[in-house]
Amino acid sequence: MVANRYEPRELESKWRTRWEESGLYRTDLSQTPDERLYVLVMFIYPSGAKLHVGHWFNYTATDIWARAQRARGKTVFMPMGYDAFGLPAENYAIKHGIHPAESTAANIADIRGQLAAMGAMWDWDKELNTSAPEYYRWTQWFFLKLLEHDLAYKAEAPVNWCPDCKTVLANEQVVEGNCERCGREVVQRRMKQWFFRITRYAQRLLDGLETIDWPEKTKIMQRNWIGRSEGAELQFALADAPATRIKVFTTRPDTVFGATYMVLAPEHPLVPTLTTAAQRAEVEAYCLAARKATEIERTSTVREKTGAFTGAWAINPFTRQPIPIWIADYVLASYGEGAIMAVPAHDQRDWEFAVKFGLPIVEVVSPDGQEHLAEYDQAYPAQGVLIHSGEFDGLPCAEAGRRIAEQAASRGLGGPRINYRLRDWLLSRQRYWGAPIPMINCPDCGAVPVPEDQLPVLLPREVVFGQAQEGESPLATVPSFVETVCPRCGGPARRETETMDTFVCSSWYELRFLSPGYTDGPFDPEVVRRWMPVSQYVGGAEHAVGHLLFSRFFCKFLHDIGMVPFDEPFAKLNHQGMIRRMAYHCPRHGWIAFETTTPVEGSSSARDCSLCGQRTSVFDAKVSKSKLNSVDTGVYLEQYGVDTFRTYLMFMGHFSDGGVWDDSGIQGIQRFLARVYRLAGTVTVPFATIPRLPEPPTTTAEQEVWRKVNRTVQKVGADLTSFDFNTALAAMMELTNVLVPYADGQPDPTLLAWAVRSLVQLVAPFAPHLGEELWESLGGPYSVVDAPWPAFDPAGLVEDQVTLPVQIGGKLKGTVQVPRDATSEECLAAVLADAKLARLLEGRTRVKEIHVPNRMLNLIVR
RNA sequence: GCGAGAGUGGCGAAACUGGUAGACGCGCUGGAUUUAGGUUCCAGUGGCCUCGGCCGUGGGGGUUCGAGUCCCCCCUCUCGCACCA
C-alpha cells in the first residue's frame with residue numbers, strides 16, 4: 001500500500017540513492033548481449049551556469065527512450081561526459097583570473113550533481129572529460145595518425161580574427177560578421193594554419209548518408225554543405241605566355257564558346273604576376289578594398305558587381321580568341337579554382353558584370369537554334385541547343401558539354417571534373433585551453449611530429465594571458481613548454497603552440513566512452529567492435545554540418561586504417577527541438593526578465609516594463625542569458641519534483657519541435673501522476689497473482705477496461721520507439737481516465753491490478769522515481785526498468801462493435817452501431833433501422849453506396 | 001535568391017496508407033463533496049443558429065462519393081545556405 005498523497009521530493013531522493021548504491025545503471029561492456037543498444041546524447045559543455053531547460057528536455061527524452069528499450073529486454077549503455085576544452089573557460093580566466101583548469105573542474109563538479117538529479121540512466125563509471133590528459137593524449141594521437149596518412153597539413157589561409165579577443169574564431173562563432181562574444185567586427189587575416197583534409201572524404205561522406213537513419217533535413221544540409229557539382233576543368237593559356245595556364249571549374253562546359261572574358265578572385269595567386277604595369281595601381285587598390293570589405297559586404301547578393309581589369313589577356317581554348325582577364329570579388333578564392341570563364345549570355349552574374357563594364361556578350365545556347373540575344377534583358381541560363389559553337393552547333397547542352405570536356409581532356413586542357421564546395425577543416429586555434437597540437441618545429445628538420453610514446457604533450461599549468469603577440473597562442477609565452485629538443489636530431493627546437501579546435505575532441509568521444517580508462521590506444525578495439533556504432537544518437541540540429549560531419553570523417557578514417565569495422569559512427573539520429581521563451585525588450589531598459597514586466601489589461605501577451613511602465617517589444621526567442629529569458633528550472637523542481645518536470649517537458653509538444661516555454665500546464669501533469677499514484681493504492685491482490693496477460697473478460701465493463709489497457713500498451717510502446725512522447729502521454733492519460741472511475745466502482749480486482757501494473761510500467765520511463773515507488777508498492781521486484789515490458793493481446797485492440805459514420809451524398813448525417821466487419825447489407829439495414837437516417841432517405845433513390853468496412857458508409861442519393 | 005519545414009479552438013497540441021477534425025492537457029462554465037482550500041470528483045466547452053440545421057484546418061482554385069491530408073496558384077512564418085561558377 002502507498003501513502004495517501006503523492007509527495008515527490010522524499011520519494012525521488014530515496015530512489016536516486018538506491019539506484020546509485022545498487023549500481024543499477026552500470027553496464028558490463030565486456031559482454032556481448034544479443035540485443036545491445038548504445039544510446040548517446042551529445043555530451044555537455046561544463047559552463048558555470050545552471051542546466052538549461054533545453055538540457056532537461058533533451059536528456060529526459062533520451063533517457064525515456066533508453067528506459068523503454070531496457071524495459072523491453074535490451075542491454076542499454078548510456079554514458080555522459082564533458083566537452084571540457086573551449087574558449088569560454090579561457091575568457092572567464094582572462095576576466096576573473098581563475099585558471100581554466102580550476103573553473104572547469106568546479107563546473108564539472110557542479111554539473112555532475114545537477115545531472116544526477118535528473119534521475120537519468122547514465123552509467124557514471126564511464127564518465128569522461130576531454131580536457132584530461134588521459135583523454136587528449138589520444139586526441140593528439142589522432143592528429144599524428146591523420147598526419148601520417150597525409151590528412152593533416154599546415155598552410156596559409158584567410159581566417160576570422162577578432163581584434164578584441166585576439167584569437168581566430170570558428171565560422172560558427174562569427175554571427176553576422178561580428179564576434180559572438182564581444183560583438184566586435186571580425187576581420188579576415190591570412191595566417192598559417194593546420195588543416196585536416198576532410199575534402200578527400202567528400203564523396204565518401206556523401207555516399208555514407210544513404211546508409212544511416214538520420215533526419216532527411218540533416219542529410220540534406222550535409223549534402224548541400226559538401227556541395228558536389230559535376231562539370232569540367234578547362235585551362236586558358238595566357239596570350240603573352242602560353243605556358244602559363246589559368247584553370248577554371250565550370251558546370252557548363254557547353255557554354256565555353258560564349259566565354260568572352262575571365263575573372264579571377266582578388267586573392268588568386270596569379271594576379272600579381274599577370275597584372276600589367278599600366279593596370280597595377282588599379283588592381284592593387286581593388287585587392288586592398290576587397291580585403292578590407294567586411295564579411296557582410298562581400299557576401300551581400302544585392303550589391304552591384306565591382307571589379308578591375310588586369311591588363312592581361314587569355315586565349316579561349318575553343319574559340320581561340322583573346323579574352324580579357326579581370327578580377328572581381330564575386331569570384332571566390334575558396335571555391336573551384338578561384339577563377340572562372342565568364343559566359344555573360346548564360347550566367348546572370350556574368351551578365352551583370354559584362355553589362356556594367358561593357359564586355360562582349362555572345363549567345364551560344366538557344367532554346368530553338370535561333371538567335372534571341374537581342375530580346376534578352378538578362379542571362380538565359382536554361383538548357384537548349386548550341387549555336388555559334390563551331391563543330392558543336394546543334395547539339396543539346398548535355399551532349400555538347402560532355403564532348404567539349406572530352407576534347408579538352410584529349411588536348412591536355414582539363415577534362416571532366418567533380419568539384420565539392422566542402423573545404424578542409426581548419427583545426428588550429430590560438431588558444432590556451434585546448435589540446436596542444438603535437439608538433440615540434442626544428443630549425444634543421446622542419447616540422448617534426450612528437451613521437452607517439454611521448455604523448456601526451458601536456459598543457460602546462462602555468463600560463464599568463466595577454467602576453468602573447470597578436471596572432472599567437474598564450475602557450476607561446478611559456479618557455480618551459482615551447483623550448484624542447486627535436487625528436488629527430490636532438491637539437492634545440494620549439495613546440496607548436498597552437499591548440500586544436502574542440503570539435504577534434506568531440507569527433508571520437510563516442511568511441512572512448514566504451515573504454516574510458518584504456519591505455520593501449522584511444523579505445524579498446526574489442527569493446528568497440530561489439531558495441532559500436534551508436535544505436536541511437538540525440539542532439540541539436542545546429543551540429544548538422546559541424547560535429548556530425550567531423551565525427552563521420554574521423555570514423556571513416558579509422559575504418560580505412562583498419563581500426564574499426566564500420567565507417568559510420570551514429571546509425572540513428574534524432575534532433576531535439578529548441579525550447580524558446582518570450583523575451584521582453586524595453587525601449588529604456590533593454591532586455592528585461594519576465595519578472596520585471598507587468599501584464600497589460602485586455603491583452604494576453606503584451607507586457608509593460610515594471611521599471612518605467614513603457615510597453616515592451618515581445619520576441620519569441622531561444623533562451624539565453626543576454627535576453628534574460630532563461631527558465632529557472634529550480635523553481636519547478638522544488639515545487640513539483642523531477643518526475644513532474646520531466647513529464648511535463650515531454651507533454652508540451654513533439655520532441656523534434658521544441659516549443660515556447662509556458663508553465664501553465666504543469667499542474668495537469670502533476671494531477672495525472674497523482675492519479676496514477678492513487679490508482680496504485682486501489683490494487684488489492686498480491687503481485688504474484690497478477691497475470692501477465694489476462695483472458696478476455698466476459699462482462700462489458702471489464703471488456704472495456706481490458707481493451708483500453710491493450711490498446712494503450714500497444715500505442716505507448718510504438719510511440720516511445722518513435723520519439724512521440726507527447727501522444728504516448730495522452731494515451732496514458734486516457735487509460736487513467738478509464739481506470740479511475742472503474743476503480744471507484746466494483747472492479748474485478750485482478751483485472752484492475754493488471755491494468756494498474758501495466759500503467760505503472762508505461763509511466764515509469766517518464767517518471768522513473770514514481771514508477772519505481774509504485775512498482776515496489778505493488779510488490780514488484782527491484783527494479784521496474786528490468787521488469788518485462790507489458791504485453792498486449794492483439795484481440796484487445798479491436799472493438800466488437802463499431803460506430804460507423806454514415807454520410808448521405810458525401811455529408812455526414814449520423815452514425816450507426818454495427819458489429820465489427822459488418823457487411824454493406826448489414827450496415828444498410830442498421831441505417832434503415834435508424835429513425836433519423838431513415839427519414840432522410842425517405843423518397844430518395846439510392847444510386848450508389850461506398851462502404852469502407854469499419855470506417856464509413858456513404859450513400860449517394862437522387 | 002536557393003533548399004527544407006510549418007500555418008488546425010482562448011492556449012499547448014492530436015488526427016494511421018484521403019474516411020466522424022480538434023484526442024490529451026491547460027484555461028473557462030456549471031454542479032457535487034469539502035462548513036477552508038491553489039483538494040478531489042462529475043458534466044459541459046470550435047463558431048453561428050429561427051434548434052431543423054449551417055459554417056469551420058492561412059487565402060483562392062481543382063481532383064474525389066468524400067480533402068487538414070492529394071494537385072495548381074498565392075500569402076505568412078521558422079530554420080539552413082547564401083555571388084558555389
Side-chain angles (χ1 to χ4, degrees), chain A residues 5 215-225 227-229 231 248-252 255 259 263 265 298-303 305 328-332 334-343 346-350 352-353 381 419-423 541-542 544-545 577-578 580 604-605 620 648 651-654 656-657 659-669 671-672 674-675 678 715 718 724 726-737 740-741 744 803-815 836 847-861:
Chain A
R5 268 180 78 84
E216 197 51 37
K217 174 181 122 178
T218 309
K219 291 189 184 182
I220 289 170
M221 268 202 248
Q222 291 211 348
R223 282 191 201 105
N224 291 344
W225 189 257
R228 176 190 157 107
S229 38
V248 303
F249 173 75
T250 177
T251 53
R252 294 293 302 274
T255 63
V263 185
R298 281 206 59 161
T299 55
S300 166
T301 50
V302 295
R303 191 167 62 118
K305 298 275 179 291
D329 63 7
Y330 81 90
V331 173
L332 308 177
S334 54
Y335 184 78
E337 302 290 344
I340 61 159
M341 63 174 205
V343 184
H346 306 291
D347 180 283
Q348 186 57 25
R349 295 154 301 180
D350 297 343
E352 287 165 19
F353 193 83
N419 191 57
Y420 298 91
R421 203 190 75 114
L422 184 68
R423 294 194 238 163
E542 67 274 16
V545 293
M578 198 187 292
R580 306 180 308 277
S604 56
S605 56
D620 169 358
Y648 179 57
F651 189 60
M652 287 186 356
H654 196 270
S656 57
D657 291 339
V660 176
W661 172 255
D662 168 15
D663 61 13
S664 64
I666 193 167
Q667 280 218 13
I669 294 298
R671 243 170 247 161
F672 163 63
R675 278 158 73 87
R678 281 194 301 274
K715 171 148 182 69
D724 297 312
N726 52 338
T727 48
L729 277 165
M732 289 186 263
M733 288 173 176
E734 283 189 57
L735 175 58
T736 306
N737 292 343
V740 165
D744 279 350
T803 305
L804 190 75
V806 177
Q807 297 179 358
I808 294 174
K811 292 240 177 202
L812 183 71
K813 292 294 175 187
T815 60
K836 185 184 140 196
V847 293
K848 191 177 177 187
E849 57 199 54
I850 294 122
H851 179 224
V852 183
N854 303 324
R855 299 311 293 262
M856 52 74 65
L857 176 68
N858 187 4
L859 303 172
I860 311 300
V861 294

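Looking at A/Asn419, its side chain never comes within 3.5 Å of a backbone N or O of A/Ser229 through a donor-acceptor pair. Using modelled atom types, one side-chain atom of A/Asp350 and one backbone atom of A/Val343 make a donor-acceptor pair closer than 3.5 Å. For A/Arg678 (side chain) and A/Val740 (main-chain N/O), no donor-acceptor pair under 3.5 Å exists by modelled atom type.
Here the side chains of A/Asn726 and A/Met652 are not in contact, with every heavy-atom distance at 4.5 Å or above.
A/Asp724 places its CG atom 18 Å from the P atom of B/A23, with the value rounded to the nearest Å. Summarising the geometry, the separation between CE on A/Met221 and P on B/G80 is reported as 8 Å, rounded to the nearest angstrom. In this structure, CZ of A/Arg580 is placed 11 Å from P of B/G12, rounded to the nearest angstrom. Between A/Asp620 atom CG and B/G12 atom P the separation is 11 Å, expressed in whole Å. Atom CE of A/Met732 is separated from atom P of B/C24 by 15 Å (rounded to the nearest Å). A/Trp225 has its CH2 atom 16 Å from the C1' atom of B/A4, to the nearest Å. A straight line from CD of A/Glu216 to P of B/G80 spans 19 Å, rounded to a whole angstrom. Atom CZ of A/Phe651 is separated from atom P of B/G12 by 13 Å (rounded to the nearest Å).
Set against B/A85, B/U39, B/A14, the side chain of A/His654 has B/A14 as its closest nucleotide. In the set B/A85, B/C65, B/C81, the nucleotide with an atom closest to the side chain of A/Ile850 is B/C65. For A/Thr727, the side-chain atoms get nearest to B/A14 when compared with the rest of B/G66, B/A85, B/A14. Which of B/G80, B/A85, B/U20 sits closest to the side chain of A/Asp347 comes down to B/A85. Considering only side-chain atoms of A/Leu332, the nucleotide from B/G19, B/A85, B/G25 that sits closest is B/A85. Closest approach to the A/Gln667 side chain among B/C83, B/U39, B/C41 is made by B/U39 (side chain taken as heavy atoms from C-beta onward). Checking B/G19, B/C11, B/A85 against the side-chain heavy atoms of A/Asp662 singles out B/C11 as nearest. Of the listed nucleotides (B/G19, B/A85, B/U20), B/U20 has the atom at the smallest distance from the side chain of A/Thr803. For A/Val740, counting side-chain heavy atoms from C-beta on, the closest listed nucleotide (B/G19, B/A85, B/C41) is B/C41. Each of B/C65, B/C81, B/U39 was ranked by its minimum atom distance to the side chain of A/Ile860; first place goes to B/C65.
Comparing B/G9 with B/A4, their C1' atoms are spaced 29 Å from each other, to the whole Å. Taking the C1' atom of each, B/C11 and B/U17 are spaced 32 Å apart, rounded to whole Å. The separation of B/C70 from B/G1, taken at their C1' atoms, amounts to 29 Å, rounded to a whole angstrom. Nucleotides B/C48 and B/A67 have their C1' atoms positioned 23 Å apart, rounded to a whole Å. Taking the C1' atom of each, B/G52 and B/U40 are spaced 41 Å apart, rounded to whole Å. Taking atom P in both B/C42 and B/C24, the straight-line distance is 13 Å, to the nearest Å. Annotation: B/G53 and B/G58 have their P atoms spaced 28 Å apart (nearest Å). On the C1' atoms, B/G44 is 16 Å away from B/G22, given to the nearest whole Å.
Residue A/Ile220 is in sugar-phosphate contact alone, with no base atom involved, counting any heavy-atom pair closer than 4.0 Å across all strands shown. Heavy atoms of A/Glu734 sit under 4.0 angstrom from primed sugar atoms or phosphate atoms, though from no base atom. At a threshold of 4.0 angstrom between heavy atoms, the contacts of A/Gly810 are confined to the sugar-phosphate backbone, with no base atom among them. Among the heavy atoms of the strands, none lies under 4.0 Å from A/Ser334. Residue A/Asn737 is classed as a sugar-phosphate contact, given heavy-atom separations below 4.0 Å to backbone atoms only. Counting non-hydrogen atoms under 4.0 angstrom, A/Arg675 reaches the backbone sugars and phosphates but no base. Here A/Asp350 lies out of heavy-atom contact (under 4.0 Å) with every strand.
Neither OP1 nor OP2 of B/C81 sits under 4.0 Å from any side-chain N or O of A/Arg421. Close to B/G80, at under 4.0 Å from its OP1 or OP2, lies no side-chain N or O of A/Lys219. Taking side-chain N and O atoms only, A/Arg671 has a distance below 4.0 Å to OP1 or OP2 of B/C26. Residue A/Asn726 has no polar side-chain atom (N or O) positioned under 4.0 Å from OP1 or OP2 of B/G25.
A side-chain donor from one of A/Asn737 and A/Arg675 sits under 3.5 Å from a side-chain acceptor of the other. No donor-acceptor contact under 3.5 angstrom links the side chains of A/Tyr648 and A/Asp663, judged on distance only.
Both A/Glu337 and A/Ser664 lie close to RNA chain B; mapped to their nearest nucleotides by heavy-atom distance, the more 5′-ward contact belongs to A/Ser664. Map A/Lys811 and A/Ala339 each onto its nearest nucleotide of RNA chain B; the residue landing nearer the 5' end is A/Lys811.
In the displayed structure, A/Lys217 atom NZ is contacted under 6.0 Å by at most 12 heavy atoms of other residues, nucleotides or ligands. Counting non-hydrogen atoms of other residues, nucleotides and ligands closer than 6.0 Å to CE of A/Met856 gives a total above 12.
Cation-pi contact between A/Lys305 and A/Tyr330: present, with separation from the ring centre below 6.0 Å and deviation from the ring axis of at most 45°.
Between A/Leu332 atom CG and A/Arg421 atom CZ the span is 10.0 Å, to the nearest 0.5 Å. To the nearest 0.5 Å, atom NZ of residue A/Lys836 and atom NZ of residue A/Lys813 are 8.5 Å apart.
Counting distance only, with no hydrogens placed and no angle test, the side-chain atoms of A/Lys217 and the base atoms of B/C79 include no donor-acceptor pair under 3.5 Å.
In RNA chain B, consecutive stretches of 3 or more Watson-Crick or G-U wobble pairs with both distances under 3.5 Å are given as paired ranges: B:1-7 with B:75-81, B:10-12 with B:24-26, B:27-32 with B:40-45, B:46-48 with B:53-55, B:58-62 with B:70-74.
Here B/G27 is in the anti range [glycosidic angle more than 90° from 0].
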